[in-house]
Asker: 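Structure in structure tokens, see below.
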Amino acid sequence: MSINSALMKATPTQERVLVIYTGGTIGMQPNTTGLIPGGNFQARMADALSRLPLVHQHALPAYDVLSYPSLIDSSAATPLTWQQIAKDIAARLATYRGFVVIHGTDTLSWSASSLAYQLQGIDRPVVLTGSMYPLETANSDALDNLHGALRFAANAELKEVAIYFSNVLLRGTRAIKQHTEAFDAFFSPSYPCIGERVGDDFIYYPSRGLGFQQRGAPRFELADYQAVSNGDVIRLTLWPGIAVWQLETLLNDSRVKGALLQLWGAGNIPNDPAIIDVIANASGEGKLLAAISQCPQGSIHMGEYAAGHGLAEAGLLSGGNMTPEAAFTKLTHLLAQPLSLDDRRQRFLTSLVGER
Ligand code: ASP
């Protein structure tokens, strides 16, 4: 991990915010094969922020920039990336009042969810942002997103991992990317925004935030994700005509320790008892299996229809209204820790960081 020279020179105080730059479109520049992450982010960011009206510049917190040595398109992120970001934040908690994580949008909500589990009980803001267009592109959303992320990262009332994008602040575990092009690329299907920009004001809604809902000191869980970074958790979305052998091939593989199944509607599967058997066998082998709906909104209620009968008895845990990101990263997080199967199952069903 190389720390940007500006950070080395700075005398950090609790008043400063740390900006962690991991890559993504926001900092990208063209090369012969397409857009790739570009360096020199601190100077480019400062240059962009200097174009804000003075009144906004004066309201910005002081900040340092930590640039990762290997900048990535976030489609290359893995659980080890999530672990690295969490470790970097945890190691600097005493020094900074808040954190901004600059991240590609493609898997930004996955990293946000994972950070929320790893940094449970965090007592200050961690705000992820990125943009749909690079900083230097005309009419880019990058400057607005950076501006808002910095403002919320300096708000001591915010005590959780959040995403700031296109004027709204969303709980990290509740957001999904919904659009490949629009500025408002993220939305939170089952939980209201926890803050927003209204005109020139950045308004936080404390009653919707975890700071209000959770009590006690931070209880970070910085587990070693190496053990679950080799395809140990899978995600499987049902499609019409799925065959039992296909489900079996994936769930029976001894390398698979957990799986997120995305069922139909309120929690239904094709009418084939052999599917229940495959799930029951995998669960009986100690695999952590959970289900959510393919619908982006609403909860699953397994067993409401005959088509979902027997799933809960087969050991499939209900993911309620969790996003795929929140459910998948939770399985990963629970499997990375030395917990009993019962503890894992019980914790999956419990809301740890407002994810369900
Ligand atoms: N492919 C880019 C990334 O996720 C997309 C973006 O940042 O908007 O890094």
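As the structure is a computational prediction, the values presented were derived from the model and not from experiment. Indexing begins at 1, ligand by ligand and atom by atom, following the structure's order.
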Asker: With a cut-off of under 6.0 Å to the ring centre and 45° to the axis, is Arg16 in cation-pi contact with Tyr96?
Answerer: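 Arg16 over Tyr96 ring: no.
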Asker: Name the residue from Leu316, Leu236, Ile292, Asn268 that meets the side-chain contact (heavy atoms from CB on, under 4.5 Å) definition with Leu263.
Answerer: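 The passing option is Leu316.
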Asker: Do any side-chain atoms of residues 71-80 form donor-acceptor pairs under 3.5 angstrom with protein atoms, and if so which ones, sequence neighbours left out?
Answerer:
| residue | atom | partner | partner atom | Å |
| --- | --- | --- | --- | --- |
| Asp73 | OD1 | Ser75 | N | 3.0 |
| Asp73 | OD1 | Ser75 | OG | 2.6 |
| Ser74 | OG | Gly104 | O | 3.3 |
| Ser74 | OG | Asp106 | N | 3.4 |
| Ser74 | OG | Thr107 | N | 3.0 |
| Ser74 | OG | Thr107 | OG1 | 3.3 |
| Thr78 | OG1 | Leu80 | N | 3.0 |

Asker: Between ligand 1 and the protein, tabulate every N or O atom pair separated by less than 3.5 Å, reporting distance only.
Answerer:
| residue | atom | partner | partner atom | Å |
| --- | --- | --- | --- | --- |
| ligand 1 | 1 (N) | Asp73 | OD1 | 2.9 |
| ligand 1 | 1 (N) | Asp73 | OD2 | 2.9 |
| ligand 1 | 1 (N) | Asp106 | OD2 | 2.7 |
| ligand 1 | 4 (O) | Ser74 | OG | 2.5 |
| ligand 1 | 4 (O) | Thr105 | N | 3.4 |
| ligand 1 | 4 (O) | Asp106 | N | 3.0 |
| ligand 1 | 4 (O) | Asp106 | OD2 | 3.4 |
| ligand 1 | 7 (O) | Thr25 | N | 2.9 |
| ligand 1 | 7 (O) | Thr25 | OG1 | 2.9 |
| ligand 1 | 7 (O) | Thr105 | N | 2.8 |
| ligand 1 | 8 (O) | Thr25 | OG1 | 3.0 |
| ligand 1 | 8 (O) | Thr105 | OG1 | 2.4 |
| ligand 1 | 8 (O) | Ser131 | O | 3.4 |
| ligand 1 | 9 (O) | Asp73 | OD1 | 3.3 |
| ligand 1 | 9 (O) | Ser74 | N | 2.7 |

Asker: Over all heavy atoms of both residues, which pair between Lys330 and Phe348 is shortest? Give the atoms and the distance, please.
Answerer: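 Distance-wise, the nearest heavy atoms are NZ-O, 2.9 Å.
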Asker: Please report the shortest heavy-atom distance between Arg356 and Asn321, naming the atom on each side.
Answerer: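 Minimum heavy-atom contact is CA-OD1, 3.7 Å.
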Asker: Would you sort out whether Phe202 and His147 count as a ring-ring contact (aromatic ring centres under 6.0 Å, His included), showing the intermediate values?
Answerer: CA-CA 10 Å; Phe202 292 87; His147 177 201; 5.0 Å; yes
